Novice: 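Here it is, the structure, as structure tokens.
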2 protein chains.
Amino acid sequence: MSLKHAILVLLETEPSSGYDLVKHFKRSLGYFWNAKHQQVYQQLKKLTEDQWVTFQAHSQTDKPDKKVYEITALGKKELANWISQPVKANSINDALLVKLYGGHLAGKENLENELNTHIDIHQGTLKNLESIEQLYLSLDDDKKAHYLLPYMTLRRGIIGEKAWLEWAEEVKNTLKQADIKKAD
Amino acid sequence: MSLKHAILVLLETEPSSGYDLVKHFKRSLGYFWNAKHQQVYQQLKKLTEDQWVTFQAHSQTDKPDKKVYEITALGKKELANWISQPVKANSINDALLVKLYGGHLAGKENLENELNTHIDIHQGTLKNLESIEQLYLSLDDDKKAHYLLPYMTLRRGIIGEKAWLEWAEEVKNTLKQADIKKAD
DNA sequence: GTACGCATGTAAAGTGTTACATGATTCG
DNA sequence: CGAATCATGTAACACTTTACATGCGTAC
């Protein structure tokens, strides 16, 4: 329902190429909205058809040519409209939890290994987010005010990751003491 | 990648109709894997084609007839295989955060209203999860051991919702003091 | 010389949502 | 009399992932 709108939000701040957008998704926005490069290019095509964005081709000599997209008046209208509507509560689809739920089929060791792998990933993400937070906190007050809302989304990431890791520790300790028989 | 496998996990425990599965998704599993009834029926059709499940029609007089699905040997093999593979880390797509990120377009009041709506929803979910936890904790030790892994997934929900609410309070307080101008 | 960054895309398959469709029974 | 529960599905559309595809420049 809204990679299109996520792209519009980014383009509203500054015109960008598809590649720039992908980078942006990988960094800031990507912590709460994932998109592969293919999908970004697909949606840019559709956004162009909708006339919510336009682009200008920039030819470059030392690098590949690129298309720089910017939001149109129609796009701004659509974005304002989307922003004024309530968004639906987020729905979660977490395969790791399905696996844990059916963990008696996996066996204790398999579960523990898998959990450890995910703990590493989440710890890495948390460190990364915390280093971005340090950058934010070192800004002067003007800039801090300017980036306040994106910072709030960063806080969501940090609080969320900490909670995830807290939960994972609980599961690890529980598994240690538990007797999980591998069924069938 | 895996509504099919979530269904197999449920069918591995007991044969069920599509309707039963939907109920199951709405209750326990649904807190970390969402599925509408249409999708469950679609996937049951595909699972049948794959020969991972079979069904028997049960005609009932006072209620509509139903099809009771059960997992096949082939399905069990597939499930065991899926469970032994590592799952990918979960990717988040959260429209509320996109909106907050672009919140200067929405205006402070709009953001606050939206946040309050979501706080209500998350508080409701948390209460619900905590009441299920109370049920679990009142079981005798045998049953507790039996439902240990599903309980761990419930804990994920509880810890996750608490963290969400903690974050939301932080955002509320921050917004209260902040000066968000509605741009354009 | 190989890996990484820059830069763009198409095609097909898989997954999920929305709209449409039916119809009986039970509880308040 | 209306709403909820039981019970199943089709069709169209929207969104996401995976695989395939190209090619130059720069740094190690």
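Being a predicted model, the structure only gives us computed values, none of them experimental. Chain naming here is simple, since letters A, B, ... match the order of the sequence lines and numbering starts at 1 in each. Basis for what follows: all heavy atoms, side chains included, without hydrogens, waters or symmetry-related copies.
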Novice: Can you measure B:L44 atom CG to D:dT8 atom C1' for me and round it to whole angstrom units?
Specialist: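 Atom CG in B:L44 sits about 11 Å away from atom C1' in D:dT8.
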Novice: How long is the line joining CD of A:Q42 and P of C:dT10, in whole Å?
Specialist: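 After rounding, the reported distance stands at 8 Å.
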Novice: Is A:K46 near enough to D:dC13 that one of its side-chain N or O atoms lies under 4.0 angstrom from OP1 or OP2?
Specialist: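 Indeed not, no polar side-chain atom of A:K46 lies that close.
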Novice: Let's see if you can work this out: which of C:dT10, D:dT8, C:dT8 has an atom nearest to the side-chain heavy atoms of A:K67?
Specialist: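 Of the candidates, C:dT8 comes closest.
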Novice: From CD of B:Q56 over to P of D:dT8, roughly how many Å is that when rounded to an integer?
Specialist: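 These atoms are roughly 14 Å apart.
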Novice: A:H37 has an atom NE2; how far is it from atom P of C:dC6, in whole Å?
Specialist: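 Taking NE2 of A:H37 and P of C:dC6, I get 14 Å after rounding.
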Novice: Could you check whether A:R155 pairs with A:E133 (Lys NZ or Arg NE/NH1/NH2 to Asp/Glu carboxylate O, under 4.0 Å)?
Specialist: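 Judged by the 4.0 Å cut-off on N to carboxylate O distance, A:R155 and A:E133 do form a salt bridge.
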Novice: Closest approach of A:I83 and B:A106, non-hydrogen atoms and distance?
Specialist: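 Smallest interatomic distance, heavy atoms only, reads CG2-CB, 3.0 Å.
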Novice: Does a donor on one side chain sit under 3.5 Å from an acceptor on the other, for A:S17 and A:D20?
Specialist: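 Yes - a donor-acceptor pair under 3.5 Å links their side chains.
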Novice: Nearest to the side chain of A:W33, heavy atoms from C-beta on, is which of D:dT8, D:dT16, C:dA7?
Specialist: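 My answer, after comparing the listed nucleotides, is D:dT16.
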Novice: When you measure from the side-chain N and O atoms of B:Y41 to the phosphate of D:dG9, is any distance below 4.0 Å, counting only OP1 and OP2?
Specialist: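 So the side-chain polar atoms of B:Y41 never come under 4.0 Å of the phosphate oxygens OP1 or OP2 of D:dG9.
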Novice: How many whole angstroms separate atom CZ of A:F55 from atom P of C:dT8?
Specialist: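 Those two atoms, CZ and P, are 11 Å apart.
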Novice: Students often get this wrong, so: under 4.0 angstrom with heavy atoms, is B:Q38 touching a base, only sugar-phosphate, or nothing?
Specialist: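 The answer is base, as B:Q38 lies within the cut-off (heavy atoms under 4.0 Å) of a base atom.
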Novice: Taking atom P of D:dC15 as reference, at what distance in whole Å does atom CZ of A:F25 sit?
Specialist: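 Going from CZ in A:F25 over to P in D:dC15 covers 13 Å.
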Novice: Less than 4.0 angstrom between a side-chain N/O of A:K45 and OP1 or OP2 of C:dT10, yes or no?
Specialist: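 For A:K45, the contact criterion (side-chain N or O under 4.0 Å from OP1 or OP2 of C:dT10) is met.
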Novice: How are the rings of A:H5 and A:W82 set to each other: parallel, tilted or perpendicular (split at 30° and 60°)?
Specialist: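 Parallel.
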Novice: To the side chain of B:K66, which of C:dT8, C:dG16, D:dA7 is closest?
Specialist: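 Of the options given, the side chain of B:K66 lies nearest D:dA7.
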Novice: For B:Q39 and D:dA14, what is the distance between atoms CD and P respectively, to the nearest whole Å?
Specialist: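 Interatomic distance, CD of B:Q39 to P of D:dA14: 17 Å.
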Novice: Look at the side-chain N and O atoms of A:N93 and state whether any lies under 4.0 Å from the OP1 or OP2 oxygen of C:dG16.
Specialist: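 So the side-chain polar atoms of A:N93 do come within 4.0 Å of the phosphate oxygens OP1 or OP2 of C:dG16, strictly under.
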Novice: Hey, is B:R156 close enough to A:D94 for a salt bridge, meaning N to O under 4.0 Å?
Specialist: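 No, B:R156 and A:D94 are not salt-bridged.
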Novice: Measure NZ/A:K36 against C1'/C:dG14 and give the value in whole Å, please.
Specialist: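 Rounding to the nearest Å, NZ of A:K36 and C1' of C:dG14 are 13 Å apart.
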